[in-house]
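See structure below.
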Amino acid sequence: MGCVKSLHLKNQAEIFPKDVSLINEHYSLPISNEDKALLRESWKQLENMKDAMGKTIFTRLLELNPDIQDTFPSFRGVALDELMNSRSLFLHSKRLMAAVEKAVSSLEDGQEIVERLTDLGQRHIAISITEKHFKIMEKALVLTLKDLLKTDYTEDIAHAWTELFGFMTATMLAGKERAHENHNSLM
């Protein structure tokens with residue numbers, strides 16, 4: 001299957017139907033079997049560290065691009081050192097890792113994760129999150145994987161996670177775009 005990372009919002013219909021209710025229960029995520037195996041194996045190591053992983057991803061995200069902090073309404077105007085110990089960051093990182101965990105567990109049965117990510121994208125319509133923001137978060141994810149997996153980290157593992165995160169990003173952005181289209185059609 002093609003590289004999800006290279007897909008743009010305009011051709012999301014190639015990944016999944018516009019109406020997610022049309023996806024049957026056997027929809028498999030567009031990720032190679034080799035990458036799925038790497039995701040499952042590496043998740044076994046990461047699962048017990050998911051809270052720390054989520055916080056580290058957000059920390060890296062804000063270090064890589066401090067301007068992105070204002071994209072999150074609950075992060076605006078909060079000093080970075082204060083934000084690192086805030087309930088808001090904790091909750092955002094928990095939600096991120098819940099989505100990641102669900103995606104890993106849904107590699108062969110993608111209907112629920114597609115619906116969930118589409119809904120999540122629709123809920124992000126009010127904020128100015130873009131593909132660029134997700135690319136920065138993807139970089140933060142890869143750096144975090146490298147730190148947490150230590151000697152077990154490989155470029156193949158990084159590629160597998162990049163594929164999964166790319167799928168998650170594309171699905172959320174498609175959901176956000178659909179919500180935007182629906183909003184505009186009501187006007």
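Donor-acceptor pairing under 3.5 Å is lacking for the side chains of Thr162 and His159.
Residue pairs satisfying the side chain to side chain donor-acceptor pair (under 3.5 Å) criterion with at least one member in residues 61-85, sequence neighbours excluded, are listed as follows: Ser74-Ser88.
The minimum heavy-atom distance between Leu107 and Leu164, with the atom names listed, is CD2-CD1, 4.2 Å. Counting all heavy atoms, side chain and backbone alike, Val142 lies closest to Ala158 at CG1-CB, 4.2 Å. Residue Leu83 comes nearest to Leu62 through the heavy atom pair CD2-CD1, 3.5 Å, listed as atom of the first residue, atom of the second, then distance. Closest non-hydrogen pair, Thr118 versus Arg178, comes out as CG2-NH1, 3.6 Å. Between Leu61 and Ala140, the shortest heavy-atom contact is N-CB, 3.6 Å.
Evaluation of the salt bridge (Lys or Arg N to Asp or Glu O under 4.0 Å) rule for Lys132 yields no partner, not counting sequence neighbours. Shown here are the side chain to side chain contact (heavy atoms under 4.5 Å, CB included) partners of Leu143, two or more places apart in sequence or in another chain: Arg60, Leu64, Lys139.
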- Message: If you apply the rule salt bridge (Lys or Arg N to Asp or Glu O under 4.0 Å), what do you find for Asp51 with Lys55, and how did you get there?
- Response: CA-CA 6 Å; Asp51 289 342; Lys55 185 175 179 181; over 6 Å; no

- I would like to know whether Thr169 and Glu138 meet side chain to side chain contact (heavy atoms under 4.5 Å, CB included); could you show each step before the answer? CA-CA 9 Å; Thr169 296; Glu138 180 181 290; 5.5 Å; no

- Trace of the salt bridge (Lys or Arg N to Asp or Glu O under 4.0 Å) decision for Arg40 with Glu108: CA-CA 11 Å; Arg40 285 186 194 99; Glu108 299 304 331; 3.1 Å; yes

- Evaluation steps, side chain to side chain contact (heavy atoms under 4.5 Å, CB included), between Ile57 and Met97: CA-CA 10 Å; Ile57 291 169; Met97 295 315 297; 4.2 Å; yes

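Using a 4.5 Å cut-off on side-chain heavy atoms (C-beta onward), Lys135 and Thr130 make no contact. Under the 4.5 Å side-chain criterion, counting only non-hydrogen atoms from C-beta, Trp43 is in contact with Val100. For the pair Met53/Leu141, a side-chain contact is recorded, criterion being any heavy-atom separation below 4.5 Å from C-beta on. Contact annotation: the side chain of Gln111 approaches that of Glu115 to within less than 4.5 Å [non-hydrogen atoms, C-beta and beyond]. Residues Phe134 and Met168 have side chains not in contact (no heavy-atom distance under 4.5 Å, counting atoms from C-beta outward). Within the 4.5 Å cutoff, no side-chain heavy atoms of Leu120 are placed close to those of Thr171.
In this structure, OG on Ser86 lies 10.0 Å from CG on Leu80, to the nearest 0.5 angstrom. Here the straight-line distance linking atom NZ of Lys94 with atom CD of Glu101 works out to 9.5 Å at 0.5 Å rounding. Of the inter-residue distances, the one linking Asp152 atom CG with Gln45 atom CD reads 4.5 Å to the nearest 0.5 angstrom. The NZ atom of Lys102 lies 5.5 Å from the CZ atom of Arg116; values are rounded to the nearest 0.5 Å.
Between Phe72 and His92, the ring-plane angle classifies as perpendicular under the 30° and 60° cut-offs.
Side-chain atoms of Lys176 come within 3.5 Å of backbone N or O of Ile129 as a donor-acceptor pair. Using a distance-only test at 3.5 Å, with no hydrogens or angles considered, no donor-acceptor pair links the side chain of Ser106 to the main chain of Ala103.
Linking ILVMFWY side-chain heavy atoms closer than 4.5 Å, directly or via other members, places Met172 and Leu91 in two distinct hydrophobic clusters.
Taking the ring centroids of Phe90 and Phe58, they lie at or beyond the 6.0 Å cut-off.
The only member of Leu46, Asp156, Leu38, Thr144 that meets side chain to side chain contact (heavy atoms under 4.5 Å, CB included) when paired with Trp161 is Leu46.
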